[in-house]
Every structure is written in structure tokens, then in C-alpha cells.
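Protein chains get the first letters and strands the later ones, always in sequence-line order, with residue 1 at the start of each.
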Amino acid sequence: MGVDAYSWPGSDDELVEVQYTLAADAEAALAAQPWTFDGQPAVGGCFVAFARGESGPGHRGDRAWAAAVSLRGRAIVAQSVAVQQVPAAYAPGLLARREGPILQAAVGDLRPGPDVLLVDATGLDHPRGAGLALHLGAILGVPTVGVTHRTLVASGAVPEHLRRGATAPVYVRDRCVGYWVCTKTAARAVVAHAGWRTSPETAAETVLAASSSRARTPLPLRHARRVARTTRASAGAG
DNA sequence: GCGACAG
DNA sequence: ATCTTGTCGC
């Protein structure tokens with residue numbers, strides 16, 4: 001069960017194999033050591049910004065700027081950045097190869113580390129049950145929750161009424177893997193994904209708690225995105 | 001064959 | 001992800 005087994009694979013085929021192992025281990029990890037939202041946890045967030053003006057959805061070698069932050073309530077307790085050229089192009093289901101290494105570098109430098117980490121990616125909602133949010137948590141040994149604008153393979157209708165706090169489940173083969181969560185009244189809901197050591201219910205609770213009624217995107221992710229883009233700009237790529 | 005496809 | 005354009009609202 002060592003996290004070493006989950007290190008970022010050097011090929012698509014290797015990643016696919018790791019994902020199958022990860023999916024099984026994630027179920028065991030959740031059963032043995034479930035993370036629950038209690039008290040005022042430090043909630044982390046991470047984001048990767050790519051050079052502007054590139055053609056297509058991304059290539060191997062693209063320059064990227066990543067940022068990770070940790071917030072306790074609205075107070076910033078830690079912040080870090082990482083700059084790398086990513087090793088792979090973007091491909092649905094294989095996002096970990098492209099963004100995993102740089103996110104691990106950024107989040108790994110956070111001191112102190114967060115109690116739970118929000119990642120712009122899916123978790124159980126994945127062709128092999130192991131999206132980047134879950135994978136990153138396994139490697140870092142940190143509970144994670146995924147946040148995306150839409151599902152990858154899961155299905156489920158959005159909440160009927162866009163009132164902050166409204167939720168609606170999303171499923172993969174009859175299994176609930178996350179929830180649509182309306183974080184801001186009158187704004188389209190986001191998907192909160194069960195990740196490493198987190199249930200779909202905890203994912204939804206965490207995303208709502210980490211959001212303010214004024215911003216659709218959870219604060220840790222919003223802050224990480226801002227820091228990543230600012231870093232990109234200071235590098236003369238924005 | 002055609003469209004869809006986390007970021 | 002990034003880009004463009006348009007609309008609504010504080």
C-alpha cells in the first residue's frame with residue numbers, strides 16, 4: 001500500500017495500470033481511514049496555469065506555473081509555487097500525466113500541509129475510478145476532494161433550483177461518486193468529487209464550506225488560480 | 001463513421 | 001486549460 005507505487009507513470013499505458021490499482025486501494029483507504037469535515041480545518045487548493053496563446057488543448061513540454069495555498073477560514077496559512085515544463089499532452093482520463101508532477105511539487109512545499117486539498121479534477125468519476133484528484137491525494141498522503149465544471153463519465157441532473165447549498169448526486173454505474181453543488185445562488189453548480197479518503201457527501205460538504213456566497217469557485221482554488229496566473233505574468237508569459 | 005472528451 | 005464575445009448585475 002506504499003504511496004511509492006502511485007508515482008507518476010512515464011507512459012500512458014503505465015498510468016492506466018496504476019489507476020486500476022489506485023481505485024481498489026482508494027476504497028480500502030476510505031473504509032479504514034475516512035476523512036470527515038470537523039471544526040475549522042486548513043483547506044488547501046492548487047491550480048496549474050499554462051502559457052497563453054498555445055494552439056490546441058495542450059502539448060508535451062508546455063510551460064506551466066502551479067500554485068498551492070492553504071486557508072483556515074479566509075486566512076492564508078501557507079502558499080507555494082512551482083514552475084515546470086509538463087511531460088505530456090492533455091488527454092481525457094490521463095490528466096495525471098500532464099498535471100500530476102507539477103501539482104505534487106507545489107503542494108509538497110506547503111508548510112504546514114493542509115488537512116484536505118481541493119483539486120481541479122475528478123476522483124471516482126473516471127473511466128478507471130481514479131482521477132487526478134484521487135491520485136494526487138494518494139501520492140501526497142493527503143485527503144482530497146475534486147472540483148470540476150462538469151462530470152467526466154458520471155451522470156446526474158443538475159439541481160433544479162440554483163440556491164446556494166442545493167445539491168444533486170452524480171453516478172457511475174449506480175454508484176454515487178459526487179454531487180453537483182450550488183455554491184452561489186443563481187450561478188451554475190460545480191461538481192464536488194469524492195477523492196482520496198473522502199466520500200461523496202464529505203466532498204460536497206467541503207466544497208460548500210470552502211465557498212463564500214459571493215464566489216462560485218471555492219476560495220482555496222480561487223486563490224491558487226490567482227497566484228498561478230500572477231506568477232505566469234511575472235515570468236513574462238501573460 | 002461521428003461526436004464527446006476532467007484540465 | 002486558453003480564447004472570444006456578449007450579457008447581466010453590483
Side-chain angles (χ1 to χ4, degrees), chain A residues 8 12 15-16 19 22-23 26 45-68 82-104 106-107 117-137 144-156 158 162 170-172 177-181 184-196 200 203 207 212-218 220-222 224-233 235 237-238:
Chain A
W8 310 111
D12 292 353
L15 173 58
V16 167
Q19 288 171 337
L22 206 43
C46 51
F47 184 88
V48 186
F50 291 94
R52 305 178 64 181
E54 297 294 313
S55 64
H59 310 79
R60 165 171 48 84
D62 283 345
R63 288 192 300 162
W65 295 263
V83 182
Q84 293 183 12
Q85 282 186 272
V86 296
Y90 167 77
L94 303 174
L95 182 62
R97 279 208 66 212
R98 179 168 171 80
E99 300 189 356
I102 190 172
L103 286 178
Q104 178 188 7
V107 180
L117 178 72
L118 302 183
V119 186
D120 281 305
T122 67
L124 298 177
D125 172 17
H126 182 275
R128 291 164 291 282
L132 173 59
L134 192 156
H135 198 155
L136 184 61
T144 55
V145 166
V147 182
T148 63
H149 296 309
R150 57 189 193 277
T151 59
L152 180 54
V153 299
S155 56
V158 300
L162 298 178
V170 297
Y171 303 88
V172 173
V177 297
Y179 286 89
W180 282 107
V181 177
K184 177 185 178 182
T185 298
R188 178 178 170 79
V190 297
V191 187
H193 300 264
W196 184 248
V207 166
S212 77
S213 59
R214 296 182 60 255
R216 182 170 90 112
T217 304
L221 288 177
R222 210 162 169 246
R225 182 173 63 191
R226 202 177 82 182
V227 172
R229 288 178 173 170
T230 297
T231 304
R232 176 182 65 186

Trainee: Excluding sequence neighbours, so at least two apart, what forms side chain to side chain contact (heavy atoms under 4.5 Å, CB included) with A:Arg150?
Mentor: none
Trainee: Evaluate the side-chain proximity of A:Phe47 to A:Leu221: yes if any heavy-atom separation is below 4.5 Å, no if none is.
Mentor: no
Trainee: Under the rule for side-chain hydrogen bond (donor to acceptor under 3.5 Å, both in side chains), what residues qualify as partners of A:Arg128, not counting sequence neighbours?
Mentor: A:Gln19
Trainee: Mind checking whether A:Leu136 and A:Cys46 have side chains closer than 4.5 Å, heavy atoms only?
Mentor: yes
Trainee: Sequence neighbours excluded, which residues qualify as side-chain hydrogen bond (donor to acceptor under 3.5 Å, both in side chains) partners of A:Thr148?
Mentor: A:His193
Trainee: Does A:Pro200 have any side chain to side chain contact (heavy atoms under 4.5 Å, CB included) partners at least two apart in sequence or in another chain, and if so, which?
Mentor: A:Cys176, A:Tyr179, A:Ala194
Trainee: Compare all side-chain heavy atoms of A:Val107 with those of A:Val119 and state whether any distance is below 4.5 angstrom.
Mentor: no
Trainee: Where does DNA chain B pair, written as one dot-bracket string 5' to 3', with Watson-Crick or G-U pairs under 3.5 Å, ( ) inside the strand, [ ] for crossing pairs and | for another strand?
Mentor: .......
Trainee: Distance check, rounded to the nearest 0.5 Å: A:Arg98 atom CZ versus A:Leu103 atom CG?
Mentor: 11.5 Å
Trainee: Could you pull out all residues at least two apart from A:Trp8 that satisfy ring-ring contact (aromatic ring centres under 6.0 Å, His included)?
Mentor: A:His135
Trainee: Would you kindly give the CZ-to-C1' distance between A:Arg225 and C:dT2, to the nearest whole Å?
Mentor: 13 Å
Trainee: List, with names and distances, any nitrogen or oxygen atoms from the protein found under 3.5 Å away from nitrogen or oxygen atoms belonging to nucleotides 5-7 of chain B.
Mentor:
residue : atom : partner  : partner atom : Å
B:dA6   : OP1  : A:Arg150 : NE           : 2.9
B:dA6   : OP1  : A:Arg150 : NH2          : 2.1
B:dA6   : OP2  : A:Tyr90  : OH           : 2.4
B:dA6   : N7   : A:Gly93  : N            : 3.1
B:dA6   : N6   : A:Gly93  : O            : 3.2
B:dA6   : N6   : A:Leu94  : N            : 3.3
B:dA6   : N6   : A:Leu95  : N            : 3.1
B:dA6   : N1   : A:Leu132 : N            : 3.0
B:dA6   : N3   : A:Thr122 : N            : 3.0
B:dA6   : N3   : A:Thr122 : OG1          : 3.1
B:dG7   : OP1  : A:His149 : N            : 2.9
B:dG7   : OP2  : A:Arg150 : NH1          : 3.3
B:dG7   : N1   : A:Pro57  : O            : 3.2
B:dG7   : N2   : A:Pro57  : O            : 2.5

Trainee: Please examine the side chains of A:Leu94 and A:Val16, heavy atoms only from C-beta on, and report whether any two atoms are closer than 4.5 Å.
Mentor: yes
Trainee: A side-chain contact here means heavy atoms from C-beta on lying under 4.5 Å apart; do A:Asp125 and A:Val172 qualify?
Mentor: yes
Trainee: Less than 4.5 Å apart, any side-chain heavy atom of A:Phe50 and any of A:His59?
Mentor: no
Trainee: A:Pro92: what forms a side chain to side chain contact (heavy atoms under 4.5 Å, CB included) with it, not counting sequence neighbours?
Mentor: A:Tyr90
Trainee: For nucleotides 3-5 of chain C, which of its nitrogen or oxygen atoms have a protein nitrogen or oxygen under 3.5 Å away, and what is each distance?
Mentor:
residue : atom : partner : partner atom : Å
C:dC3   : OP1  : A:Arg52 : NE           : 2.6
C:dC3   : OP1  : A:Gly53 : N            : 3.4
C:dC3   : OP2  : A:Arg52 : NE           : 2.8
C:dC3   : OP2  : A:Arg52 : NH2          : 3.2

Trainee: Run the side chain to side chain contact (heavy atoms under 4.5 Å, CB included) test against A:His149 and tell me which residues pass, sequence neighbours left out.
Mentor: A:Arg216
Trainee: Should stems be defined as at least three consecutive Watson-Crick or G-U pairs with both distances under 3.5 angstrom, which of them involve DNA chain C?
Mentor: none
Trainee: Using a 4.0 Å heavy-atom cut-off, does A:Arg229 contact any base of the nucleic acid, only the sugar-phosphate backbone, or nothing at all?
Mentor: sugar-phosphate
Trainee: Does A:Arg225, at its CZ atom, have more than 12 non-hydrogen atoms belonging to other residues, nucleotides or ligands within less than 6.0 Å?
Mentor: yes
Trainee: Got a list of protein N/O to nucleotides 6-10 of chain C N/O distances below 3.5 Å?
Mentor:
none

